[in-house]
Structure formats: C-alpha cells, structure tokens
Amino acid sequence: MAEKNSANIGFEKQIWDAACVLWGHIPAAEYRKVIIGLIFLRYISSAFEKRYAELVAEGYGFEDDPDAYLEENIFFVPEEARWSKIASAAHTPEIGTVIDDAMRAIENDNKKLKNVLPKNYASPDLDKRVLGDVVDLFTNMDMGDTEDSKDLLGRTYEYCIAQFAAYEGVKGGEFYTPASIVKTIVAILKPFSNCRVYDPCCGSGGMFVQSAKFIEAHSGKRGEVSVYGQESNADTWKMAKMNMAIRGIDADLGPYQADTFFKDLHPTLKADFIMANPPFNLSNWGQDKLKDDKRWKYGVPPAGNANYAWIQHMIHHLAPNGKVGLVLANGALSTQSSGEGEIRKNIIEDDLIEGIVALPPQLFYSVTIPVTLWFISKNKKQKGKTVFIDARKMGSMVDRKHRDFSDEDIKKIADTFSAFQDGTLEDIKGFCAVATTEDIAGQDYILTPGRYVGIEEQQDDGEPFEEKMTRLTSELSEMFARSHELEEEIREKLGEIGYEI
C-alpha cells in the first residue's frame, strides 16, 4: 500500500493492476472511462455501506432513509447500484448490463447526473470475462480510509493519464491540480459561508471540494457555498458533475461542456472567490475572433498564449471585493512579448496584484514546468503593496517523482499572507518581502519573487574571507591537477586497445 499523503490516493497499484488486465482489450481512452465509472461506484458504495452499518447499529430503522445519508453528505446508493450486487455478478455474462443498470438507477435518483455517468459496460467490445476480473480487483480495493477531502476521481483520472503516457511514450495532454496547491490557494483566500466560488476551467472540481471542506471546517456547512464552474472537455465535465454529487455540493457547471472564451456559461456572474488552474501557455485559443471582447480591459492578449486572457476573464467576473487565486506558468511573471508586459503593467497599476507565491518543482504529477500562484484582489487591504513569497524550498519528496506540502508548510504560507494583509509582516531574506507598486515599476513590472525577496542570509562560519578563499583555491588547484592525471590515464588505456582521442 502506498504511503498516505495528498500526493497519492493509496491504491495506485490496484488501479495499475486493473489497467494490465484491460490492456490490449480496449483503447486507453476507453480504459479511463471504465476505470472512472468503477471508482465512482466503488467509492459511493464504500461510504454508503459504512453509514448503513452505523444506522443499523443505532436501531432506529433509518438505514433506508435517503435523508439519513444526505445529512452526513453521503451519497445515497439505490439497492441495484450497490457494490455487493455488482461484485456478486462479476463472473456472469450479464456483468456489463448489471453495471450499466446501476448507473441508470443512480441517474434516475439524481437528475443532475442525467446522461453523465458512463454506460458502456454492456458493449460487445468489452470482454465480460476481463471486466469481471477488473471488478474483482475493485472489490478487494480498500476505500474505507479515503478522506472525503480528496479529489478522488480527479486524482485517479490523472494517474491513468500519466501512467498510459509513460507506458506508451506519449505526452498526457491533461493534468490535475494536486491537493497541495489547491489547499494552499484555499488557505490563503479563506472562502466564507454564503459566498460565490467560480472556476472557469474547473477540471474535475478539486477547487470546489477543498473550498467546501474549508468552510465546513470553520463552523459553516458545505452547502453554504454557491459553486459555479465551466469545463471544455466533455469527459472531465462529467467527472466534475460526479465529483460534486458524491460530495453533496450543489454546483452549477452549466448544462454542457463549453469553451470559456467563446461560450461563457455564467456571463453575469460576479464571484467572491475565483480559484483556477488554467491550461498553461495555451496557444491557438481563438484570439482572432475575440479581439473586441469586453473582457480585455487591460489589453488584447496575444494569439499565441492565453495566460493573460485567463487572468482578464477572471478579473471581469470578480465582485467588488472579490479575490482570485490561480496557478500560472512562471513565464507570465516576466514576459514582455506580444503586449503581455503592457497588460501586466496595467493590471499592477490598477492595484490588483495582492501576492505572488513561487512554488517548488515536482508538485504536479505529469508536468514539470515551474509554476507560481497569483493572488488578485479588488479592494485589497494593503493598498499599493504586494507580497512576494518564495516557497521553492518548501515541501518534501513523498516518492521519487512527487513533492508534497505538509499542513505545516501550507499554514506557514497562509500565515505569511495573513500577516501581510494585517500590516505586521516583516521581510525575511530569501522567503518573503513586501513591495510597493513603485518598487515593482522599478523592476520593469516583472513579478518574479526572487527579485524582491533576495537570497537568504548564510550563517557566518567564523572563517575570515581571505583565509577561506586561500583554502578553497588550494583545494580547487588540487582537484584540477588530479583531473589532468585521470585524463592522461584514460588516454593511455584507450591507446592500449587501439583508440586515440
């Protein structure tokens, strides 16, 4: 079992085992749909069965009352959709039909999921013996300890994408926002009860999951947040609908998937909080057809990169005291090409940039590009000032490829931001600094945190500078001499076997 942390879901091996069973029987894209559907059924059944046992033990006869599950934000599973029924039919020719019927039963009980759940299990293209073996793997998968704050479906989907991309030697074209990043954004923005939260590129809905969790943890109810989202990928949009349903979050994700730039499904929305991880450096986003769009208050974004189109779209949708937290590739901090520098300057001069947080590498699962968190606020507390935080050395490796923030790391960043807002933050070399708009103008409106926080002070080891330089140059000279000896030795050995260099 994988170590429990927010960088893994705990049953990656079983998912990959299921992939190996399906391998060669269906295309990779179809495999992901099969897996996501089964994860959905297995997860809601696991949570349901746990609550069902509690209600039976209480002895009041409420175990078949949907309201007894709803009050605990647990998805009520109709009898024909429960995993026990699916597991018992695993090795029958009807297993595909049983799973499809389970999906239909859930959709009949939950109108917002109508035509959302996958119903391709009875397809003659899917070998029922193979499907039965996969069902067995899911039956033995322990989801009892899965935290309801995790974006389980999104993380599973991302895992499938990354694994297939690595196995097939191709690039996975989608990615999911890791819990570390989402939690950091939410901890800094601090969404409150009865607020409007919006994500114009919501993916599987991870931002909404954490926002609702935050509000619930601070004496509110997860139902007290109004959620608005949009997603252009049909499969991911359906996954977000599923994710919201199993969390008990009433979300308006539009009647269908749609491109946010061309078909804004929430044109009049003014949100209190906008949280997003838009596609990095998206090219060919349709600028030539949107040059006169009212959203481009600070300048028309270039055709070759949508970063500043996303930023301006979000600013357009902010309420008078609204706040944005978004993830962007580092290039957006300093680019001067195609008018982006001028757009950034205009946004800064309008006093909208509240904070910039540089993130460490390897937080993402399938991309390695360095990224930064931007915090944009209307009516910010510290007028004419911006806080810069360099968190690139924070977090710890949880496996060979992935880094994760601990709760303490996230608290340190959020507390630093709060201290800035309260006017009590003191600059810490190499970590945080407060800059005025004039300071930023002096840096040509470049927002790279390192320019402002500087390099952390090194502890003085007590060795005088002249003595240290004499010692170090002597050691370096010895290394150079040794390297020349090794070079001659290698030439000699190669010469002995007939090779000259």
Side-chain angles (χ1 to χ4, degrees), residues 9 33 35-90 95 97-119 121 135 138-139 141-156 204-206 208-213 215-217 220-227 229 237-253:
I9 44 179
K33 293 178 184 178
I35 291 296
I36 290 298
L38 293 177
I39 285 278
F40 173 76
L41 288 176
R42 184 71 180 89
Y43 179 81
I44 61 172
S45 283
S46 178
F48 172 86
E49 288 161 5
K50 184 177 180 181
R51 177 64 175 155
Y52 185 90
E54 291 172 355
L55 292 168
V56 169
E58 289 172 5
Y60 297 116
F62 293 137
E63 57 268 20
D64 292 318
D65 181 0
D67 288 341
Y69 298 84
L70 182 63
E71 66 184 12
E72 296 293 328
N73 293 305
I74 292 171
F75 195 95
F76 181 81
V77 184
E79 190 170 351
E80 56 269 48
R82 295 171 192 171
W83 192 261
S84 55
K85 181 178 178 65
I86 294 166
S88 66
I95 179 58
T97 302
V98 169
I99 296 174
D100 285 348
D101 287 346
M103 298 295 188
R104 292 189 184 94
I106 292 169
E107 288 190 349
N108 289 337
D109 275 6
N110 300 270
K111 300 307 178 187
K112 288 198 171 186
L113 291 177
K114 191 70 175 175
N115 299 321
V116 167
L117 303 183
K119 294 178 285 292
Y121 296 91
V135 168
F138 277 83
T139 299
M141 196 179 284
D142 180 15
M143 292 192 185
D145 294 329
T146 299
E147 298 173 24
D148 68 352
S149 62
K150 286 186 179 178
D151 179 6
L152 182 71
L153 297 180
R155 177 65 187 98
T156 302
S204 55
F208 304 139
V209 172
Q210 290 298 339
S211 297
K213 191 73 179 174
I215 290 169
E216 187 178 42
K221 296 179 181 178
R222 70 177 67 187
E224 292 179 347
V225 55
S226 298
V227 168
W237 177 79
K238 289 178 179 179
M239 189 168 20
K241 298 273 284 187
M242 294 158 63
N243 224 354
M244 298 303 96
I246 64 177
R247 309 292 178 189
I249 299 172
D250 187 16
D252 180 355
L253 305 183

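Just so you know, these numbers use all the heavy atoms, side chains as well, and skip hydrogens, waters and symmetry mates.
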* To do: Supply the atom-to-atom distance Asn243 CG to Phe40 CZ, rounded to the nearest 0.5 angstrom.
  => 9.5 Å

* **Residues that Asp250 engages under side-chain hydrogen bond (donor to acceptor under 3.5 Å, both in side chains), provided they are two or more places apart** => Lys112

* **Minimum side-chain heavy-atom gap Ile36-Lys238 below 4.5 Å** => no

* pair Ile35-Phe138: side-chain heavy atoms closer than 4.5 Å -> yes

* Set of residues satisfying ring pair (Phe, Tyr, Trp, His ring centres under 6.0 Å) with respect to Tyr69, sequence neighbours excluded -> Phe48, Phe76

* Measure the shortest side-chain to side-chain distance between Asn110 and Val116 over non-hydrogen atoms and say whether it is less than 4.5 angstrom. => no

* Contact summary for Gly205 and Ala240, nearest pair of heavy atoms -> N-CB, 4.2 Å

* Taking all atoms of both residues into account, what is the closest heavy-atom pair of Trp237 and Leu253, and its distance? -> NE1-O, 2.9 Å

Return all side-chain donor-acceptor pairs below 3.5 angstrom for residues 79-87, not counting sequence neighbours, or 'none' if the list is empty.
unit_1: Arg82; atom_1: NE; unit_2: Val77; atom_2: O; d: 2.9
unit_1: Arg82; atom_1: NH2; unit_2: Val77; atom_2: O; d: 3.1
unit_1: Trp83; atom_1: NE1; unit_2: Thr139; atom_2: OG1; d: 2.9

* Non-hydrogen side-chain atoms of Lys50 and Ile74 separated by less than 4.5 Å -> no

* Is the closest side-chain heavy-atom distance between Ile106 and Ile44 below 4.5 Å? -> yes

* To do: Check salt bridge (Lys or Arg N to Asp or Glu O under 4.0 Å) between Asp101 and all other residues, then give those that pass, not counting sequence neighbours.
  => Arg104

* With rounding to the nearest 0.5 Å, note down the distance linking OH in Tyr43 to CE in Met242. => 12.5 Å

* Can you name the residues that form a salt bridge (Lys or Arg N to Asp or Glu O under 4.0 Å) with Glu63, not counting sequence neighbours? -> none

* Asked: Of the non-hydrogen atoms in Leu113 and Glu107, which two are nearest, and what is the gap between them?
  -> O-OE2, 3.0 Å

* Roughly how far, to the nearest 0.5 Å, is CD1 of Ile39 from CE of Met239? -> 11.5 Å

* Structure fact -> Rounded to the nearest 0.5 Å, the CE atom of Met244 sits from the OG atom of Ser204 at a distance of 7.5 Å

* Asn115: side-chain contact (heavy atoms from CB on, under 4.5 Å) partners, not counting sequence neighbours -> none

* Could you walk me through whether Leu55 and Asp65 pass side chain to side chain contact (heavy atoms under 4.5 Å, CB included), step by step? => CA-CA 10 Å; Leu55 292 168; Asp65 181 0; over 6 Å; no

* To do: Could you list the residues that satisfy side-chain contact (heavy atoms from CB on, under 4.5 Å) with Asp252, not counting sequence neighbours?
  => Tyr228, His266

* Asked: What's the spacing between Phe75 CZ and Asp109 CG if we round to 0.5 Å?
  -> 7.5 Å

* Between Tyr121 and Gly37, what is the shortest heavy-atom contact and its length? -> OH-CA, 3.2 Å

* Is there side-chain contact between Leu41 and Met103, with heavy atoms separated by less than 4.5 Å? -> yes

* Asked: Mind checking what makes side-chain hydrogen bond (donor to acceptor under 3.5 Å, both in side chains) contact with Glu58, not counting sequence neighbours?
  -> none

* Report the distance from atom CD1 of Ile95 to atom OG of Ser88, rounding to the nearest 0.5 Å. => 8.0 Å

